[in-house]
Each structure stands twice: as C-alpha cells, then as structure tokens.
Engineer: 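Let me begin by handing over the structure; questions about it come next.
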Amino acid sequence: MEPLLEKAYEPKDVEEKWYRFWEDNNLFSAAETLQEKANYAIVIPPPNVTGVLHMGHSLNITLQDILCRYRRMRGDNVLWMPGTDHAGIATQNVVERHLAAQGIDRHQLGREKFIKAVWQWRGEYGSAIIRQLKRLGASCDWARERFTMDEGLSKAVRKVFVQLYEEGLIHKDNYIINWCPRCMTALADLEVEHEEMPGHLYHIHYPGTDGKDGPVVATTRPETMLGDTAVAVHPDDARYADLIGKTVELPLTGRMIPVIADSYVDMTFGTGALKVTPAHDPNDFEIGRRHDLPSVKVIGDDGHMTESAGTYAGLDRFACRKAVVEDLTAKDLLKKMEPHQHGIGHCYRCRTAVEPNLSKQWFVRTGPLALKAVEDVAQGRTRIIPEKWATDYYKWMENIRDWCISRQIWWGHPIPAWTCGACGRIIVAMEKPDACPDCRHLELIPDPDVLDTWFSSALWPFSTLGWPDETVLLKQFYPTSALVTGFDILFFWVARMMMMGRHFMDDVPFKDVYVHALVRDESGKKMSKSTGNVIDPLNIIETYGTDALRFTLAAFAAQGRDIKLSEKRIEGYRHFINKLWNAARFSLMHIRQTGPDLPLVDDGLLLPNRWILSRLKTVLREVADAIDTYRFNDAANSLYHFVWHEFCDWYLELIKPVLYGDAVMQDQKDATAGVLARTLRDILIMLHPFVPFVTEEIWHHLPGTSGSIMTAAYPDSDKNLMEIRHDPGAEQEMLMIMGIINAIRNIRGEMNIPPSQALAVVVQTDIEDKRRLLDQHQGLIITIARLSGLQVESAGQKPRASATAVFEDNLISVRLEGVIDFVMEAARLEKEIVKLDIEIDKLNAKLHNSAFVEKAPENVVEKVRDQQRAWGEKKEKLSHQLERINAFGAE
RNA sequence: GGGCGGGUAGCUCAGUUGGGAGAGCGGCGGCCUUACAAGCCGUAGGUCACAGGUUCGAGCCCUGUUCCGCCUACCA
C-alpha cells in the first residue's frame with residue numbers, strides 16, 4: 001500500500017514499461033463504427049521511410065500526440081493515422097549506396113530485382129523511424145499503419161491518375177523541366193533549391209555574316225551556346241534594329257543562327273543581346289516556342305555533352321564550360337568576363353546543380369484544382385493556423401505552375417500508362433489492358449517512369465482511410481480534424497492535399513491546419529548533419545527522458561517561425577518533471593483515501609484548500625482553451641507556473657501545518673488530504689498529454705485511480721468540474737496572506753537573517769475583518785514565514801525596534817531587538833521610498849494632465865487615483881518608520 | 001526583383017482588442033527548513049533597434065530608416 005517513490009524520477013525505468021502497457025491494452029486504437037460519439041482524426045505527416053528521427057519530427061509528433069491524448073480524455077473517438085512514405089528518390093539513393101557497398105550496380109541487377117532489393121531493405125531498416133516515434137510516446141493507431149506503396153494506396157494512386165487523365169488534368173508533353181544529372185530524373189519546380197552563387201557573366205561575340213560585326217551576347221553559361229538556335233534582342237532596341245532578321249555565326253560550331261526580336265529581352269541587362277538555347281533554359285524555351293525555333297540538346301541526361309556538341313561531345317558540362325571559354329579566348333571572341341552573382345538550382349535530394357532540360361514528361365494541370373483549394377481556405381472550410389500562413393498559401397496557389405509528376409527512377413508507383421507497340425497510342429488505365437483498343441495489337445509497352453512521391457502523399461488523408469473503397473473509416477473520419485505540420489512542406493504537401501482532397505472527396509481533407517515552427521540550433525541555424533549541429537532527440541531522451549523533451553518542445557512551440565533549441569532548456573524542463581515527481585512523492589505520503597468522495601465544496605474547508613481548488617478550476621479552463629486554440633506554449637506555461645509556483649511553492653507548504661499538526665482535527669486532515677488528492681489528480685490529467693510517462697507512473701501510485709490515465713476524463717464542463725468551486729474570496733484572502741509572508745521574507749532576505757532564526761512579527765491593520773483573518777491563519781503564517789510569534793493588532797502603537805514593510809494597508813513589523821542594524825534598515829526603507837516616489841510622480845503627472853482626466857475612460861482614471869492613494873499611504877507609513885529608525889539609531 | 005517574419009533583461013523568448021514592462025535560464029546574496037540541492041528564500045538587471053506620426057496615453061497602430069533571418073522569382 002505505501003507506494004514509496006524513488007527520490008528522483010528515473011525516466012528510463014518507466015517509459016518502456018508504460019508504452020508497452022498502452023499498446024498491450026489497445027489504448028491507441030480508434031473505434032471503427034458509425035456511432036454518435038465525436039470523432040477526431042489526425043493523419044500523421046508520413047516520415048520518409050529512410051528517415052531517422054530528428055527534432056523536427058519530435059516537435060511535430062509531440063504536438064499531435066498532445067492533441068490526440070487530450071481529445072481522448074475529452075471523450076472523443078480518436079484516430080491518429082500513422083505511416084511512412086516511400087520517398088522515391090531518397091530511398092532509391094539509399095538502396096543504391098547500400099548495393100554499391102557490395103559492388104552491385106542497379107543496372108546490373110535490373111529493374112525487377114532492384115525493386116525487390118528495395119522492399120527487402122525496407123523490411124530490414126524501414127521501421128526504424130516508427131520505433132523512434134514510439135520512443136517519443138506517440139499514441140498512433142499502429143494497427144492501421146500505412147505505407148504509400150501499400151496495395152491499397154497504390155490503387156488510390158492509379159485511380160486518381162486515370163481520372164485526372166480522363167478529365168484532361170494530366171497530360172504528357174515535351175517541356176523544359178528540372179533535371180538532376182546525378183539522380184537521373186526530372187524534378188518538380190518545388191524540388192529545386194535555389195542558391196545564390198558567385199559566377200561570371202561572359203560577353204561573347206557572335207560575328208555577323210554580312211561583313212558587319214554582329215552582336216555580343218552575355219551569358220552565365222557559355223557551354224550552352226553550343227545549343228543556341230537564335231540571338232534575341234528587344235524589338236525597340238535601336239542598337240540592334242538593323243540586325244533583326246539577319247543571321248549571325250555561332251562560334252565554335254560553324255552554324256548560322258537568326259537574330260530575332262522578342263520583348264522578353266531586357267535591354268538594360270548585359271549587352272541587350274540574348275543567346276537563345278531552347279533546350280537548356282526555361283525562358284529560352286518559351287522564346288523558342290514563340291518563334292518556332294529548333295531545339296538542340298547539347299547536354300545529356302548524365303550531365304555530359306551530347307553528340308550535338310560536336311568536338312565537345314563526352315565532356316562533363318563544367319569541363320565543357322572551361323573548354324569553350326578557352327577556345328573563345330583563343331579566337332578573341334570572348335570580349336569580357338565579369339564577376340556575377342546568380343541563383344543556381346540544386347537537387348533537393350542530392351545537392352547536384354540542376355540542369356534545365358528538354359524532356360517528355362507527365363504533368364498535372366494544377367490551375368483548376370488550385371482554384372477550389374484557394375476557395376476552401378478563403379471561405380473558412382479549412383482554417384490555417386496561425387493565419388499568416390494563409391497568405392503564403394494563397395500566393396503560391398495563385399501563381400501555381402503545372403506539376404511535373406513523372407520521375408525517371410525505378411522505386412515508386414509506376415505510371416499506369418502504356419504505349420501501343422504498333423499504332424503508338426497511349427493508353428491510361430487502372431490495370432494493363434489486354435490489347436490496344438484501337439488496333440488490337442497485343443504488344444503494349446509500359447511507361448518506364450514512376451510518379452513523384454508527393455503525388456501519393458497528396459492522397460494521404462483519404463487513401464489511408466480506405467479510398468477508393470467506401471469504408472466505414474472514411475465516412476467516420478473524413479474530413480480529418482487537424483493537420484499538424486511544419487511550414488517547410490506547406491506547398492509540397494498541404495497545398496497538394498487540399499487540391500486532391502477537394503477534387504476527389506468533394507470536401508476538404510482537414511478542418512484545421514496547424515503550422516508549427518522549425519527547430520533550429522541555438523544559434524538559429526537549421527540543424528543538419530553536414531553542419532554537425534544536430535541535437536539528436538534519441539540522445540536527449542536517453543539523458544533527460546522523453547517527457548522533458550516533449551515538455552520543452554511544447555513550451556517553445558508557438559515562438560514564431562523558429563525554435564532555437566539547446567540542451568540547457570531541456571535540462572531545465574527535466575527539473576520540472578522532477579519537481580512534479582517529488583510533489584507527488586510528498587502528496588502520496590498523506591493521501592490515504594481510496595475514493596474521490598470527499599467534501600470538496602464545503603465552506604468548512606480551510607482557506608488553502610478553497611484557494612487551490614479555485615485556482616485549479618481556472619487553470620483547467622486555461623489549459624483546455626489553450627490546447628483548443630493550438631496555443632501549446634500557453635498551456636505548457638500555465639501548467640508549469642501552476643504546478644511549481646502555486647501548488648508546490650504555496651499549497652504544499654500551506655497544508656503542512658495541517659497535515660503535521662497535532663492539534664488539528666482529524667476531519668480537517670482528511671478533507672485536506674482529499675483536496676490534495678483531487679488537485680494532484682487533475683494536475684496529472686492536465687499534464688498527461690504533454691508528459692505522458694511520468695503522469696502515468698504517478699497515476700498508478702495514486703489511491704483511488706484505476707486503469708490508465710489515458711482513459712481518465714478531462715475535467716471540463718461535467719460534474720467533475722462542477723464540484724470544484726471558483727472562490728474569489730479565498731483567492732483574495734490568500735493574496736493578502738501571501739503578500740504578508742512575502743514582505744517578511746523580503747526583510748529576512750535583505751537583512752541576511754538566516755531561516756533558522758525565528759522572528760517575532762506584529763501586523764497592524766485597522767480593518768477588523770483582516771485582523772480576524774490573520775488571527776485565524778496565524779499558524780500558517782508562523783510556520784511558513786518561520787516566526788516565533790505573530791501579533792495582530794490595530795494600527796497605532798509601534799514596536800520599539802523593528803524592520804518594517806507595508807502590504808496593502810497592513811504595517812508589518814519584524815521585531816529585532818539587539819539584532820537590528822539601524823543603518824541597514826534605514827537604507828532599505830530609503831530605497832523603497834525612492835522607488836515609490838518615482839512611481840507616484842508618474843501617476844501625479846498623469847492626473848495633472850487635464851486631457852488625460854477628461855478623455856481617458858472613467859475606470860482607467862479611477863484606477864490611477866486608487867493607485868496613487870494606495871502608494872501615497874504606503875509611502876507615508878514607510879517615511880514615518882524611517883524617521884523612527886533614524887531616531888532609534890541616534891539614541 | 002517581390003514578399004514575409006523578427007530586433008524587448010547577460011542569454012532564449014512571452015507580451016491576444018493601446019491604459020502601472022514579464023517568464024525561464026544565467027548572475028549575485030542567504031539557506032542541507034522533516035517531497036525535491038535537479039531544491040528553498042531573497043535580489044539586481046530593460047531609452048521595448050532608430051527617427052518621426054496618430055492618441056489624453058504606444059512594446060502594441062501608421063510612415064520612414066537600419067540590421068538579421070526566411071520564403072519566392074524566368075534578368076540571361
């Protein structure tokens with residue numbers, strides 16, 4: 001029965017135990033039924049299957065877990081849908097490296113065997129991230145875990161592809177796209193990261209053919225000139241007016257190319273003459289289309305020059321640049337070379353410089369889809385929180401470009417399209433057809449490409465619920481309640497889910513999108529392995545425990561865009577966990593009742609009990625409100641303050657005299673233990689979503705509880721809360737008692753009087769109710785302020801030698817005959833008076849300002865007057881005391 | 001180029017309709033007071049980036065300046 005807890009909380013001892021307990025008891029699983037009960041659903045942002053838990057996940061998971069655990073305690077039927085995504089390019093890269101270590105190249109292996117190898121790899125290593133999520137305490141419905149390459153999800157992908165194709169929203173086209181020569185695949189615009197880099201602007205002379213000199217063009221990429229098919233100038237540019245329509249020589253190739261006029265050209269940049277390479281520059285591609293120019297692809301998919309590059313064929317693109325520049329210099333065609341800063345696109349998976357490349361790819365026409373997705377947010381069907389992110393969402397959606405969804409890799413969802421070997425017709429279908437519908441030819445060549453991983457992620461909120469089948473789960477939980485994610489994938493993922501959800505489900509995918517910050521290191525840099533500034537959450541968990549990490553993340557969750565994390569903070573919150581632990585340890589020594597049937601609403605309750613219950617009621621409301629509005633930091637801070645600075649610092653100290661006192665009636669002791677039990681219980685419940693492990697552990701030691709704390713009801717508007725009374729009177733009275741104790745402590749501290757020395761104190765007030773109150777709680781004050789005695793009297797007679805303080809109208813005198821240092825006390829009073837003077841002067845200035853008195857609201861003016869009066873009286877008392885002290889000192 | 005966010009105590013940051021500047025950590029002083037030294041008590045410290053404006057009143061609203069960070073873009 002006597003549950004003696006260890007002196008310090010040891011997370012390692014309990015975390016694994018309770019996680020297993022929760023799983024074994026099925027506490028994470030949602031009920032699949034079309035019942036009346038409120039449903040609450042969150043789909044996890046699926047981590048990359050190759051991923052290792054980082055701080056970003058930790059924050060993301062913690063916040064979702066807080067919501068889910070909280071909603072369960074509020075009585076909702078909660079589905080937290082977990083899973084991973086197959087991360088096409090990243091996974092393929094990982095597995096390729098894995099194979100390379102064994103000296104195997106994927107092309108040797110062949111496509112089928114390679115995919116088999118990826119699945120095998122996934123089986124071995126793919127659940128690492130899931131195990132790590134569990135260490136964070138994530139209460140996901142693991143039995144329903146999904147993977148974007150699951151059969152069900154693949155079916156959804158094919159269905160979506162086919163339907164969009166039939167609706168004309170997917171098409172295949174020759175277009176200039178971003179190409180990663182290392183990953184050997186196309187990338188979507190979003191998957192390119194631009195980085196400002198120093199380079200050069202090369203001025204190259206293209207000689208004319210009619211005896212005249214010809215233009216000088218400016219370029220940052222001279223190697224692409226081998227693929228030039230025109231030179232463009234602005235139609236209004238007088239300098240080149242007579243060149244338009246003529247041809248010029250393309251150096252190093254011997255080809256002749258036309259000079260065309262296009263208003264895209266910026267006359268003020270460079271030389272005003274632009275070389276046009278339709279196959280290797282998006283703008284040039286557009287110009288090429290407008291002017292019907294041929295495209296010459298001189299850079300191959302592997303980043304080396306093609307046969308079309310003539311003598312440069314086979315050279316790496318960067319080596320070719322060097323060679324071209326050398327050759328131009330030799331021919332005296334390089335007129336100028338100036339330093340130039342410009343943005344260069346890099347592959348977001350491997351950092352290789354992206355090559356704009358002409359290629360035949362599949363695209364989603366996003367325009368019509370985006371229109372509706374914008375409406376959904378504008379009309380409030382989906383709320384984006386904080387609201388400021390809606391601006392970014394709108395802007396991106398409104399400027400959206402077609403989405404290149406085909407990838408030239410092997411790992412991913414095959415594009416459900418086939419080309420007839422005879423007539424060349426493209427067939428798009430859920431399953432491979434037996435024959436070409438046009439010519440009945442039997443040889444159908446499957447499209448070699450796979451789909452962008454984000455294409456399948458975009459379906460996540462409904463594909464995981466069973467779509468395209470009409471499942472109970474789908475009916476129950478779509479639209480989902482909330483999506484919690486970092487702003488870095490607002491476009492990659494959220495925007496695309498919005499488009500797909502609306503289009504296929506005819507409803508938004510989620511009611512709320514909560515966008516949280518990014519976790520950075522303490523100097524504000526993004527954590528990355530290459531910088532070496534990562535704080536590994538698993539290490540943190542080892543050292544400080546999961547709860548400390550979670551509470552830290554929650555407490556910092558709403559701090560703008562970034563969370564700068566350092567171990568110091570986490571350590572600080574570990575102290576909080578330990579504080580809670582010790583408060584529980586103390587409480588459990590006194591809680592013997594096994595039932596909650598204690599008289600909580602009872603005027604006979606002692607003041608500290610009435611006070612803490614009143615405060616508890618307020619905090620219950622505050623925390624619930626904060627979580628309901630995604631103000632996780634407010635919730636965490638409210639709890640931190642309440643538990644540490646009210647419950648521990650005051651309440652537990654205040655009830656010690658009751659619990660330990662010999663003269664206290666047993667029924668008061670019992671009632672106090674009851675209030676203590678109730679308060680601790682509710683603290684545990686409120687804290688549980690934030691720090692699930694330590695609260696579960698304490699819960700099981702707390703008499704009168706049963707089962708898991710996960711199944712405890714959050715005290716809200718139910719009768720649980722009704723039995724706690726909001727008691728402003730008690731709060732008011734406690735404020736006074738605390739104020740007086742603080743004043744005495746202040747004197748003790750400033751006078752350097754050790755706690756071991758008991759003090760004799762006199763409190764004087766003219767208000768009889770206050771005297772009665774102080775008399776009544778004399779014991780409390782004596783114990784907590786460590787007094788030898790407390791005398792309460794009406795104002796008038798002054799004790800002979802004392803240090804004094806004023807709280808409200810109470811004059812507090814600490815008697816220190818023979819110990820008091822008059823000089824020190826005089827200095828203390830003077831300091832206090834100076835401070836008061838400054839404040840009073842400010843108030844006087846306000847009140848002497850007639851504009852203020854006339855125009856400010858009545859209650860504001862009244863408040864200032866009250867304050868002025870109160871401080872004036874306080875100052876008077878202190879000044880009077882100062883005179884007396886000076887007189888004593890002079891004796 | 002465009003847009004967004006930020007500049008508040010030594011550090012990291014709160015500050016939700018404009019009305020007496022806050023927390024945590026750190027610092028300093030005193031304490032092993034029967035839950036906790038991962039603790040307790042006390043205390044110092046701020047022209048709220050700068051300059052104007054609106055207002056009786058501005059950390060908060062407006063304008064400009066400056067510094068930092070991020071996102072975005074087709075000036076080669």
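Letters go in sequence order (proteins before strands), and every chain restarts at 1.
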Engineer: Do any side-chain nitrogens or oxygens of His340(A) fall under 4.0 Å of OP1 or OP2 in rA76(B)?
Structural biologist: yes
Engineer: Given the rule in the salt bridge (charged side-chain N to carboxylate O under 4.0 Å, His left out) test, do Lys831(A) and Glu750(A) qualify, once you have shown the distances and angles that lead to the verdict?
Structural biologist: CA-CA 12 Å; Lys831(A) 194 178 82 182; Glu750(A) 300 233 316; 3.6 Å; yes
Engineer: Using a cut-off of less than 4.0 Å, is there contact between a side-chain N or O of His575(A) and OP1 or OP2 of rG39(B)?
Structural biologist: yes
Engineer: Tell me whether Glu653(A) is salt-bridged to Lys656(A), with the criterion being a basic N under 4.0 Å from an acidic carboxylate O.
Structural biologist: yes
Engineer: Any side-chain N or O of Trp644(A) under 4.0 Å from OP1/OP2 of rC40(B)?
Structural biologist: yes
Engineer: Is the phosphate of rA35(B) approached by Tyr660(A) (side-chain N or O, under 4.0 Å from OP1 or OP2)?
Structural biologist: yes
Engineer: Is a salt bridge present between Arg828(A) and Glu825(A), judged by a nitrogen-to-oxygen distance below 4.0 Å?
Structural biologist: yes
Engineer: Can you tell me if the side-chain N/O atoms of Asn746(A) get under 4.0 Å from OP1 or OP2 in rU43(B)?
Structural biologist: yes
Engineer: Salt bridge (charged side-chain N to carboxylate O under 4.0 Å, His left out) for Arg869(A) and Asp866(A)? Distances and angles first, verdict last.
Structural biologist: CA-CA 5 Å; Arg869(A) 199 175 311 121; Asp866(A) 286 348; 3.1 Å; yes
Engineer: Need the pair for rG5(B). Rule: Watson-Crick or G-U wobble, both distances under 3.5 Å, any strand; none if unpaired.
Structural biologist: rC68(B)
Engineer: Need the pair for rU47(B). Rule: Watson-Crick or G-U wobble, both distances under 3.5 Å, any strand; none if unpaired.
Structural biologist: none
Engineer: Nearest whole Å is fine: how far is rG57(B) P from Gln867(A) CD?
Structural biologist: 21 Å
Engineer: Closest nucleotide of RNA chain B for Arg745(A) versus for His645(A): which of these residues is on the 5' side?
Structural biologist: His645(A)
Engineer: For a quick check, tell me whether the side chain of Lys568(A) and the base of rC25(B) share a donor-acceptor pair closer than 3.5 Å.
Structural biologist: no
Engineer: With distance as the sole criterion, do the side chain of Glu653(A) and the base of rA35(B) form a donor-acceptor contact below 3.5 Å?
Structural biologist: yes
Engineer: For a quick test of reading the model: is some side-chain N or O of Lys579(A) closer than 4.0 Å to OP1 or OP2 of rC40(B)?
Structural biologist: yes
